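This report refers to the structure that appears directly beneath it.
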2 protein chains.
Amino acid sequence: MGRKRTKSGKIRLAEVAELAGVSPITASRFFRNPEALSIGKRTRVESAAKELGYVPNLAARALASQRTEVIGVLIPSLTNNVFSDVLRGIYDASEGSRYSIQLSNTRYSILQEEKLLRLFLAQKPAGLIVTGIDQTPESRAMLEAADCPIVQIMEIGPDPVDMMIGFSHYDAARAAVAHLFEQGRRKIGFVGARMDPRVQRRLDGYVSAMKDAGSFEQRLVVTTATPTSVTLGGALFADLLAREPNLDAVFCANDDLALGVLFECRRREIAVPDQIAIVGFNDLEFMASAVPTLTSVRTNRYEMGRTAATMLIEAIDGQRPEQPVLDLGFKVVERQSSLPRHSDSRPAVSGAGATNKMVALPSSHD
Amino acid sequence: MGRKRTKSGKIRLAEVAELAGVSPITASRFFRNPEALSIGKRTRVESAAKELGYVPNLAARALASQRTEVIGVLIPSLTNNVFSDVLRGIYDASEGSRYSIQLSNTRYSILQEEKLLRLFLAQKPAGLIVTGIDQTPESRAMLEAADCPIVQIMEIGPDPVDMMIGFSHYDAARAAVAHLFEQGRRKIGFVGARMDPRVQRRLDGYVSAMKDAGSFEQRLVVTTATPTSVTLGGALFADLLAREPNLDAVFCANDDLALGVLFECRRREIAVPDQIAIVGFNDLEFMASAVPTLTSVRTNRYEMGRTAATMLIEAIDGQRPEQPVLDLGFKVVERQSSLPRHSDSRPAVSGAGATNKMVALPSSHD
DNA sequence: GTCGTTGCTGGTAGCGCTGTCAACGTTCCT
DNA sequence: AGGAACGTTGACAGCGCTACCAGCAACGAC
């Protein structure tokens, strides 16, 4: 049947309209707002589209409507487990919606972020998800001038551009240190790597908690700008021990470092938790499985990504949330590595039992 | 100065052309093929664009030119460390090129993959990266009919659609088992989770190596469809031990499982490697840091992503590689966990030393 | 019966850019 | 000197879709 097609052989909206016996604009409406059509035309267009296998041309749609159905996401790293959980949440929430995700990596540089932001905004995204609250003034101005909803994720701060979802890294670190104090620890070291703003605020929280207790000493803090790794955790811990042999606990800025510390303790035959307590940050899956099981600060990364994308999509569709700033909180998950000193340090079968309670993290499966 | 702008206040190509005193089409050429312009016009357009802060409208470009500058990437999972390394390579290679990445998650479903493929192809991507060689017949047909370069990643097989980059999971598994045999192991178990096609081929490799040695027994194989985790590694290992108490080695389909096995051994006070040897797969960063350090099969994930994207971009630009199928190989990195039985099982300071040699994996930093 | 009002539909006119082709000036060859 | 060949430039006509507004029928209020 001699229907005319585009050179590339693709079916256009006009073909669908012709087959359905309606005007192109009516067919167009079917895909954007089916309720606006009478039931008769609606079903006619629907079956015509299905018969022809019509797929809309997004470039033409974007050009004509002056907006895209793209959600821009700016994150500082793809390597980091933390962000892959967040991303998974974002992708999960965007699936099924008509929006697609455009991801870019700022590599922990706010200047790079500014550049990418300029690029993104020029394409008129439907919405934007940006990491953190430490944008350059120019970025900040662009974000405020943008005519699309924006969600800042990973942490909460005083002055949201638009929406915000995260938790207080400062408070979380204070809580971790408080937990160690409760367990009777006093010489508590801090180990941190790749000191991005959020890790910095964890350090600030640690410092403030230590100062409140009158226990702060500068030499208890070991940090580096190097990207984090398990191996690095061991090395930084070795440093820390050299500075303070009487250390009785370590608060690690993330779980990889904590695992490195655990391995280094094993290597040096330092008993955990009897000699040294370990607390990590993020509560990755392996923390519950280690021997001894490792205490960590649980953060809701998957949920953060998912909620951010959901809020954003609702805002794009005109449903602004009542609560534009959402504190997802955190939880110090207490495990064997921070038990008090005089308890039995050798976890037996009950150790495996304690482990099993921790299996079903909401954020660790897909 | 009364330059006319678009309603949205954006600068268009026409404005740039006007300021530069050239026709719009000449300005357009400047952005796509600057060499075609005379030097005078080139600099005039360049400075005009800079002065106005011009950013091209990609939707208009895509519509007019009938092609996009988008590279579609289909991967089965975002959670998996393996894919985040590959992705990082892809993003790194695409940065600086004019192509942007459009990512979608098939969730290990080839039907979902088929659906996404249809969607992607309708937008005429500049190129496509797909995971593996197990597409549905429909997907396969679409890929073959696609008029853009395609790279299949993660493994190599007999019948590439176009380009292909990866390694043989079958051979890698055989090599791992051969290594264990060389170390004097005989009762070698297999632990696997989320049995996707590549894990399945690792199992096939294991089975064939065991059969070659006349050592294969079905009960030595423990697998599950559940997503992988460290905790799961411990549980599967416990299963395996119950079936075969005289086990002397475990080959794990990935490193998370291997770490879980290590922790379970520690919990049960099974000496590694004296009683049981452990070999993992992928060589994640922590393997070199564990106590004892863990043997693993190193795969070049970051490089795989990076090379795939580079090859693809070159092919888009008309430079087809001489070598359309690239085997990146693998390497059994031998560490303490698979040392022969009679060696000293208690790594001392030298253990930490051995660890340090393994720090600088090409794929573990960014 | 006239006048809104509502619900649905269609015509027109672009969105901002690039493919195509023609035309120009310059250089080089015969 | 004439013509071919090349490098450079511009005019024109869309790409496929949607915003905008107009039109039309059906209905109810006065």
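The shown structure was predicted, so the numbers you read here are calculated from the model rather than taken from an experiment. Every chain is numbered from 1, with letters handed out A, B, ... down the list of sequences.
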Would you kindly give the [atom1]-to-[atom2] distance between [X] and [N], to the nearest whole Å?
{"X": "A/Q66", "N": "C/dG14", "atom1": "CD", "atom2": "C1'", "result": "10 Å"}
{"X": "A/N33", "N": "C/dT9", "atom1": "CG", "atom2": "P", "result": "12 Å"}
{"X": "B/R98", "N": "C/dT18", "atom1": "CZ", "atom2": "C1'", "result": "14 Å"}
{"X": "A/I11", "N": "D/dG16", "atom1": "CD1", "atom2": "P", "result": "12 Å"}
{"X": "B/I39", "N": "D/dT8", "atom1": "CD1", "atom2": "P", "result": "9 Å"}
{"X": "A/R61", "N": "D/dT18", "atom1": "CZ", "atom2": "P", "result": "5 Å"}
{"X": "B/I25", "N": "D/dC12", "atom1": "CD1", "atom2": "P", "result": "13 Å"}
{"X": "B/E35", "N": "D/dT8", "atom1": "CD", "atom2": "P", "result": "10 Å"}

- prompt: When the nearest nucleotide of DNA chain C is assigned to B/R29 and to A/K41 on a heavy-atom basis, which residue is associated with the more 5' position?
  reply: A/K41
So, is [X] near the phosphate of [N], with a side-chain N or O under 4.0 Å from OP1 or OP2?
{"X": "B/T26", "N": "D/dG10", "answer": "yes"}
{"X": "B/S28", "N": "C/dC17", "answer": "no"}
{"X": "B/S23", "N": "D/dA11", "answer": "no"}

What is the nucleic acid contact for [X], judged by heavy atoms within less than 4.0 Å: base, sugar-phosphate only, or nothing?
{"X": "A/Y54", "value": "sugar-phosphate"}
{"X": "B/R42", "value": "nothing"}
{"X": "B/F30", "value": "nothing"}

- line: On DNA chain D, more 5' by nearest nucleotide between B/P24 and A/R32 is B/P24
- prompt: Is it true that atom CG of B/N33 has more than 12 heavy atoms of other residues, nucleotides or ligands lying nearer than 6.0 Å?
  reply: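 Yes - once you tally the heavy atoms of other residues, nucleotides and ligands closer than 6.0 Å, there are more than 12.
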Salt-bridged, [X] to [Y], with N to O below 4.0 Å?
{"X": "A/E69", "Y": "A/K124", "answer": "no"}
{"X": "B/E46", "Y": "B/K50", "answer": "no"}
{"X": "B/D85", "Y": "B/R306", "answer": "no"}
{"X": "A/R42", "Y": "A/E35", "answer": "no"}

Nucleotide nearest [X] (side chain, heavy atoms from C-beta), chosen from [options]:
{"X": "A/R12", "options": "D/dC17, C/dC17, C/dT9", "result": "D/dC17"}
{"X": "A/A64", "options": "C/dC8, C/dC17, C/dG14", "result": "C/dG14"}
{"X": "B/V22", "options": "C/dC15, D/dG10, C/dC8", "result": "D/dG10"}
{"X": "A/L63", "options": "D/dT9, C/dT9, C/dC15", "result": "C/dC15"}
{"X": "A/L13", "options": "C/dG19, D/dT9, D/dC17", "result": "D/dC17"}

query: Between CD1 of A/I110 and NZ of A/K115, what distance do you get to the nearest 0.5 Å?
result: 14.5 Å
